[in-house]
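Everything below concerns the one structure shown next.
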Amino acid sequence: MNFSTKLINWYTVNKRDLPWRSTNNPYYIWLSEIILQQTQVVQGTPYYHAFTSQFPTVFDLANANEEDVLKLWQGLGYYSRARNLHWSAKYIVNELDGVFPDTYKDILKLKGVGDYTASAIASICFNEVTAVVDGNVYRALSRIFGIETPINSTPGQKEFKALAQQLIDKQQPAIFNQAIMEFGARQCKPKNPDCSVCPFKTSCLALKENKIAVLPVKLKKTKVTKKYFNFIVIISKNEKTILEQRIGSGIWQNLYQFPLIETEKPSTYNNIKSKIENLDVLADMNFDVHLYNDTDIIHKLSHQHLYTKFWIVSVDECIENGIDISNIKDYPVPILIGNFIDKFNF
DNA sequence: AAGCCGGGGTC
DNA sequence: GACCCAGGCTT
């Protein structure tokens with residue numbers, strides 16, 4: 001039995017019933033693929049339902065405000081995905097008359113769509129024979145074929161793409177692509193896979209040579225840096241607070257946050273209080289400062305650990321700028337801020 | 001080629 | 001703690 005037949009037989013028996021498997025509509029497949037980039041199915045599924053419900057067509061998404069798209073994306077992370085998704089929806093509507101591109105080459109022109117996502121959409125929706133290579137495929141192929149080329153190197157990416165393209169079932173590329181990803185996710189798992197029930201157990205080179213735990217090979221790891229964040233939560237007499245939109249480069253682009261004072265080292269009360277006094281919005285005002293969280297909240301991103309303090313600043317005067325606290329949940333915020341807003345009793 | 005970009009889960 | 005996730009963009 002050849003590779004594809006073995007794989008698809010396994011898939012037929014073991015596949016999950018997932019919402020996006022019941023459609024070939026490229027708009028829905030696109031939504032699912034963007035949502036699932038670097039995201040597990042269990043985490044992404046609620047967002048898939050939310051997006052298809054709130055934006056049933058590409059026109060609905062294109063007509064939305066970016067802020068509404070970010071709000072719906074809140075909590076999922078990698079927010080450039082949401083901004084690019086919105087950009088591409090407008091591009092499809094304005095430049096393509098709302099017709100979704102139907103070839104790998106044209107799908108690749110969408111922002112936020114790279115080789116993997118273009119291959120997935122082109123094969124699943126349009127039966128184009130373009131092999132997908134995601135984290136699951138890297139793991140499965142590196143083990144079955146005993147390939148030790150680092151998967152995050154340029155030669156590795158080319159080698160695995162070529163191998164997948166050679167293996168793909170040209171009669172049913174849509175099924176093959178979904179099958180190999182599902183196989184990597186459910187059978188050829190990162191840790192402790194049950195190789196005794198694997199359809200490739202007799203031929204898998206990694207199993208034969210006891211290399212399951214060391215494959216796939218990956219080049220180094222990005223080192224994590226520590227940052228010290230102080231969020232200034234202003235509460236005025238007229239029940240307003242200040243939210244600022246993050247602009248420019250860096251994390252959480254275009255999301256909102258309380259005014260942020262970043263320090264080189266853990267801050268002290270006196271240290272922060274003097275900096276709060278210099279905030280323009282509080283010029284010549286009397287206020288009281290107290291620390292909300294006794295111990296730092298450590299928010300972990302992929303390459304930063306944010307040691308976070310929330311400082312509550314009560315102002316016994318009215319402020320003119322700022323937003324009504326009653327409307328605070330309308331703004332898209334990073335989950336670190338969102339958790340605080342949910343817990344804090346304004 | 002290397003660094004950056006989230007949040008949640010497993011082991 | 002280390003590693004992973006239906007990756008892609010910027011420098």
Side-chain angles (χ1 to χ4, degrees), chain A residues 11 15-16 18-21 29-48 70 73-85 87-88 107-121 123-124 131-140 150-158 160-161 164 174 176-186 188-193 213-225 227 246 248-255 298-306 332-339:
Chain A
Y11 179 65
K15 70 176 173 183
R16 288 168 289 184
L18 301 175
W20 45 90
R21 289 210 172 125
I29 298 300
W30 173 52
L31 282 178
S32 74
E33 292 299 345
I34 301 298
I35 287 170
L36 292 172
Q37 285 171 3
Q38 294 295 288
T39 303
Q40 304 207 173
V41 166
V42 286
Q43 190 188 0
T45 299
Y47 288 84
Y48 176 79
L70 284 172
W73 198 269
Q74 179 175 310
L76 197 53
Y78 284 145
Y79 295 92
S80 66
R81 291 185 291 171
R83 296 191 302 271
N84 288 335
L85 188 75
W87 185 97
S88 295
I107 297 168
L108 200 52
K109 293 173 183 169
L110 304 178
K111 268 193 190 176
V113 171
D115 176 77
Y116 162 75
T117 304
S119 298
I121 299 172
S123 62
I124 293 171
V132 294
V133 184
D134 72 338
N136 295 309
V137 177
Y138 278 122
R139 186 171 52 255
I151 60 172
N152 55 345
S153 66
T154 301
Q157 288 173 15
K158 291 176 68 174
F160 283 94
K161 176 77 178 181
F176 179 92
N177 275 343
Q178 294 179 81
I180 194 167
M181 290 190 285
E182 189 82 337
F183 175 78
R186 307 269 287 174
C188 201
K189 297 185 298 181
K191 305 279 186 187
N192 306 324
V214 299
L215 290 175
V217 174
K218 216 169 177 179
L219 251 36
K220 39 180 159 181
K221 27 208 144 180
T222 59
K223 76 166 195 210
V224 176
T225 61
K227 292 194 170 184
R246 292 182 67 94
S249 59
I251 60 172
W252 303 330
Q253 197 179 113
N254 295 10
L255 273 65
I298 306 174
H299 188 71
K300 296 180 177 180
L301 307 181
S302 44
H303 60 291
Q304 297 178 25
H305 286 181
L306 310 178
V333 296
I335 205 67
L336 172 61
I337 303 290
N339 287 343

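Just so it is clear: chains get the letters A, B, ... in the order the sequence lines come, proteins before strands, and each one is counted from 1. Treat the numbers as computed from the prediction; the structure is a model and nothing was measured.
- Here NZ of A:K218 is found 6.5 Å from CG of A:N152. Values are rounded to the nearest 0.5 Å.
- Residue A:K191 is the one, among A:K191 and A:R16, whose nearest nucleotide of DNA chain C lies closer to the 5' end (criterion: closest heavy atom).
- Where A:N152 and A:Q40 meet DNA chain B, the nucleotide closest to each residue was compared, and A:N152 sits on the side nearer the 5' end.
- Looking at heavy-atom distances under 4.0 Å, A:G75 makes contact with sugar-phosphate atoms alone, never a base.
- In the set B:dA2, C:dA6, B:dC5, the nucleotide with an atom closest to the side chain of A:L219 is B:dA2.
- The residue among A:P155 and A:Q43 whose nearest nucleotide of DNA chain B lies closer to the 5′ end is A:P155.
- In this structure A:E182 satisfies the side-chain hydrogen bond (donor to acceptor under 3.5 Å, both in side chains) test together with A:R16, A:R21, sequence neighbours excluded.
- Residues A:Y79 and A:N254 have side chains not in contact (no heavy-atom distance under 4.5 Å, counting atoms from C-beta outward).
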When you compare the protein's N or O atoms with those of nucleotides 7-10 of chain C, which come within less than 3.5 Å of each other, and at what distance?
unit_1	atom_1	unit_2	atom_2	d
C:dG7	OP1	A:G135	N	3.1
C:dG7	OP2	A:Q38	N	2.9
C:dG8	OP1	A:G114	N	2.7
C:dG8	OP1	A:G114	O	3.4
C:dG8	OP1	A:T117	N	3.0
C:dG8	OP1	A:T117	OG1	2.7
C:dG8	OP2	A:Y116	N	3.2
C:dC9	OP1	A:G112	N	2.9

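- Atom CG in A:L18 sits 9.5 Å away from atom OG in A:S32 (nearest 0.5 Å).
- Remark: the A:Y116 side chain and the A:E33 side chain contain an N/O donor-acceptor pair separated by less than 3.5 Å.
- In this structure, the side chains of A:L85 and A:L31 come closer than 4.5 Å at one or more pairs of heavy atoms.
- Scanning atom types as modelled, no donor and acceptor separated by under 3.5 angstrom connect the side chain of A:R186 and the base of C:dA6.
- At the heavy-atom level, A:G250 lies under 4.0 Å from the strands shown only through sugar-phosphate atoms.
- Between C:dC4 and A:Y138, no contact under 4.0 Å exists linking OP1 or OP2 to a side-chain N or O.
- Remark: A:H299 is in phosphate contact with B:dG7, judged by side-chain N or O atoms under 4.0 Å from OP1 or OP2.
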